[in-house]
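What follows is one structure encoded as structure tokens, with my remarks underneath.
Reminder, nothing fancy here: chain letters follow the sequence lines and each chain counts from 1.
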Amino acid sequence: MLDINFIKEHTDQVKQSMTNKGMNDTGLVDKVVEADRQWRELVQKVEKLRSESNQKAKKIGGLMKEGKREQAQKLIDENTKIKEQIQEKETDLDQFKNERDQLLLQIPNVADQSVPVGSDENDNEVVHTWGEPLKKEWRKPHWELNDFDGKLDFDRGSKVTGAGFPFYTGRVAQLQRALISYFLSKARENGYTEIQPPFFVNEDSARGTGQLPDKEDMMYVIPRDELYIIPTAEVPVTNYHRDEILSKDQLSLKYSAYTPCWRREAGSHGTEVRGLNRLHQFDKVELVKIVHPDRSDDELESLRVDAESLLEELELPYRTLLMCTGDMGFTQAKKYDLEVWSPGQEKWLEVSSCSNFRSYQARRMQIRYRGDDGDTHMVHTLNGSGLALPRVMAAVLEHYQLEEGGVAIPGVLKSFMRGDKL
RNA sequence: GGAGAGGUGGCUGAGUGGUCGAAAGCGGCGCCCUGCUAAGGCGUUAUACCCCUCGCGGGGUAUCGAGGGUUCGAAUCCCUCCCUCUCCGCCA
């Protein structure tokens with residue numbers, strides 16, 4: 001969420017930013033400012049009453065000790081009345097505060113100056129391309145490839161669990177594992193600390209990174225134990241430092257985490273979800289950064305480069321998009337998407353999304369650092385996929401498939417698995 | 001899962017109804033002393049929010065695992081939940 005004081009001082013900017021993200025209800029901004037004003041007004045009254053009551057309670061203590069019962073009783077009666085007044089106002093106080101906070105959660109992050117204003121994916125800017133996209137020619141989509149020892153077994157996945165839960169067997173399973181190892185070892189070279197987080201999180205964590213309340217339908221839930229199954233490692237890894245005050249020289253913190261991810265993907269069917277294009281369970285190596293506010297712009301660029309370099313070393317053609325205001329999501333200030341070329345399908349597949357959340361998540365999670373001034377300030381959080389496995393797998397299979405049959409193994413993976421081909 | 005013990009500031013640890021936001025020690029920071037170092041002396045050292053102030057700063061409220069309750073008054077009493085430790089059981 002945004003800082004209420006920032007909203008009060010930059011009302012027009014916040015409204016404009018909402019409009020740019022395609023949200024028309026800018027009246028929310030006025031409502032939140034008004035709710036805050038009402039809350040502040042009442043807070044002053046209630047705290048004054050509490051102060052009065054505290055003072056009297058202290059006097060009562062003294063009088064009781066001296067044995068002056070009657071005088072004490074008089075003050076007790078007065079305090080009972082004050083207490084009634086406080087209780088009356090406290091209901092409103094909570095209501096105003098809840099209303100304010102509720103509204104605050106509905107106001108999206110302000111987009112960075114450099115983000116193009118636009119309404120949908122057509123307004124995203126291609127900021128970088130690498131490699132020559134291969135023509136389809138004789139190439140097959142990955143779900144038709146099976147002339148090697150192992151397979152992507154969608155049918156048995158459907159039988160055992162359901163659509164979107166494939167088996168990877170034999171050489172394909174090994175290839176997947178090699179990719180994960182490669183991603184993690186690159187992350188280590190780039191200064192990220194590897195983390196193995198829990199795959200389930202509690203409600204506070206789900207709220208911290210913003211999956212709750214707005215994206216509840218995205219997650220699988222275990223109601224009996226009140227746990228949420230992670231849709232991305234971002235959730236447990238960023239929450240690792242929830243409610244902490246970090247020292248300035250701990251920053252920047254950089255973490256990598258390999259986890260499976262589970263997403264309900266309610267309502268998506270059809271050709272877009274063929275093969276590995278969209279799954280309910282998929283593997284991903286996630287990169288998370290917790291940084292000093294002054295550094296977050298630079299850290300986003302280096303995060304993006306960290307992700308891009310993986311595709312370059314795999315020699316997979318890709319392009320990088322700067323997402324426009326309308327396509328970037330609620331909590332981000334700036335976001336890049338990396339899309340790899342799929343020659344078998346002749347289309348671009350999103351394999352990474354690198355975002356700067358500025359202080360938006362940090363404020364929800366109360367992750368702060370102590371500055372040189374001795375005060376606490378919100379950190380900035382960033383994350384990016386490095387990378388999501390299934391579509392990279394699809395691109396590798398399609399890009400490295402051989403006309404005579406089989407699939408070559410990318411050079412960079414050769415130290416992570418046996419052989420030259422699948 | 002069963003039985004018991006416990007959760008207090010950066011850390012250790014006192015505190016069982018009033019002047020306790022909390023003793024003491026350690027650690028941190030500042031100053032003093034001192035050829036250097038070590039030792040020592042004095043002071044200072046939680047977080048959030050509200051109000052006043054240009055600022056320095058001042059006033060107030062809340063917080064002793066979390067939430068609720070009793071009371072004029074709760075770290076302290078009661079209830080619920082969470083977590084940690086010990087023993088037993090079960091188990092990869």
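- Among the nucleotides U47(B), C72(B), G60(B), the one closest to any side-chain atom of Ser51(A) is G60(B).
- Candidate nucleotides U47(B), U61(B), C50(B) were compared by shortest atom distance to the side chain of Arg370(A), and U47(B) ranks first.
- Here G17(B) sits opposite no nucleotide as a Watson-Crick or G-U wobble pair (both hydrogen-bonding atom distances under 3.5 Å).
- A gap of 12 Å separates the P atoms of G73(B) and A62(B), to the nearest Å.
- Remark: the separation of the P atoms in U12(B) and G7(B) is 12 Å, to the nearest Å.
- In this structure, Asp36(A) places its CG atom 8 Å from P of C50(B), rounding to the nearest Å.
- Atom-to-atom, NZ of Lys97(A) to P of C49(B) comes out at 10 Å; the value is rounded to the nearest Å.
- If you take atom P in G40(B) and the same atom in G4(B), they sit 47 Å apart, rounded to whole Å.
- Comparing the same atom, P, in G58(B) and in U45(B) gives a spacing of 11 Å after rounding to whole Å.
- Pairing of C91(B), defined by two Watson-Crick or G-U wobble distances under 3.5 Å, is not identified with any nucleotide.
- Using atom P as the reference point in both A22(B) and U63(B), the two lie 14 Å apart (nearest Å).
- Atom CG of Leu75(A) is separated from atom P of G18(B) by 18 Å (rounded to the nearest Å).
- Using a 4.0 Å heavy-atom cutoff across all strands shown, Thr376(A) reaches sugar-phosphate atoms only and no base atom.
- Taking the six-membered ring where tryptophan is involved, the planes of Phe154(A) and His142(A) are tilted, since the angle between them lies from 30° to 60°.
- In this structure, the nucleotide among C72(B), A62(B), U47(B) sitting nearest to the side chain of Met64(A) is C72(B).
- The side chain of Arg368(A) approaches A48(B) more closely than any other nucleotide in the set A48(B), C72(B), A62(B).
- Put simply, CG on Leu49(A) is 12 Å from P on A62(B), counting in whole angstrom units.
- Of the candidates U61(B), C72(B), U47(B), the closest approach to any side-chain atom of Lys83(A) belongs to C72(B).
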*Given side chain to side chain donor-acceptor pair (under 3.5 Å), test Tyr336(A) with Glu301(A) step by step and report yes or no.*
CA-CA 9 Å; Tyr336(A) 292 109; Glu301(A) 295 309 312; 2.7 Å; yes

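- Judged by Watson-Crick or G-U wobble contacts below 3.5 Å, the nucleotide U34(B) has no partner.
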*asked:* Walk me through whether Asp153(A) and Arg156(A) qualify under salt bridge (charged side-chain N to carboxylate O under 4.0 Å, His left out).
replied: CA-CA 6 Å; Asp153(A) 199 334; Arg156(A) 288 200 177 89; 2.8 Å; yes

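- Across the strands present, C77(B) finds its partner in G69(B); the criterion is a Watson-Crick or G-U wobble pair with both atom distances under 3.5 angstrom.
- Remark: the Asp77(A) side chain and the Gln73(A) side chain contain an N/O donor-acceptor pair separated by less than 3.5 Å.
- For Arg40(A), the listed nucleotide lying nearest its side chain is C51(B); candidates were A48(B), G73(B), C51(B).
- Searching all strands for a Watson-Crick or G-U wobble partner of U86(B) with both distances below 3.5 Å returns A3(B).
- Across all strands shown, G43(B) forms a Watson-Crick or G-U wobble pair with C29(B), both key distances being under 3.5 Å.
- Heavy-atom contacts from other residues, nucleotides or ligands closer than 6.0 Å to CD of Glu226(A) number 12 or fewer.
- The nucleotide U12(B) finds its pairing partner in A24(B), both defining distances of the Watson-Crick or G-U wobble pair being shorter than 3.5 Å.
- Rounding to whole angstrom units, CD of residue Gln87(A) and C1' of G68(B) are separated by 13 Å.
- Close to G73(B), at under 4.0 Å from its OP1 or OP2, lies no side-chain N or O of Asn54(A).
- Taking the P atom of each, G9(B) and G65(B) are spaced 8 Å apart, rounded to whole Å.
- By the 4.5 Å heavy-atom criterion applied to side chains, Ile107(A) and Met1(A) are not counted as neighbours.
- Annotation: side chain of Leu279(A) is in contact with side chain of Phe282(A) (closest heavy-atom distance under 4.5 Å).
- Comparing the P positions of C83(B) and U71(B) gives an interatomic distance of 32 Å, to the nearest angstrom.
- Ring geometry for Tyr369(A) versus His292(A): interplanar angle of 30 to 60°, hence tilted.
- Closest to the side chain of Gln44(A), out of C72(B), A62(B), C50(B), is C50(B).
- Ranking G18(B), A62(B), C50(B) by closeness to the Trp39(A) side chain, first place goes to C50(B).
- Look at CD on Glu66(A): it is 15 Å from P on U19(B), rounded to the nearest Å.
- Comparing A75(B) with A66(B), their C1' atoms sit 15 Å apart, to the nearest whole Å.
- For the pair Lys58(A) NZ and U71(B) P, the interatomic distance rounds to 22 Å; values are reported in whole Å.
- One atom, CZ of Arg37(A), and another, P of C51(B), lie 12 Å apart when rounded to the nearest Å.
- Counting any heavy atom pair closer than 4.0 Å across all strands shown, Ile60(A) reaches a base atom.
- The residue among Asp77(A) and Glu52(A) whose nearest nucleotide of RNA chain B lies closer to the 5′ end is Glu52(A).
- Remark: C56(B) base-pairs with no nucleotide in the shown strands. Criterion, Watson-Crick or G-U wobble with two distances under 3.5 Å.
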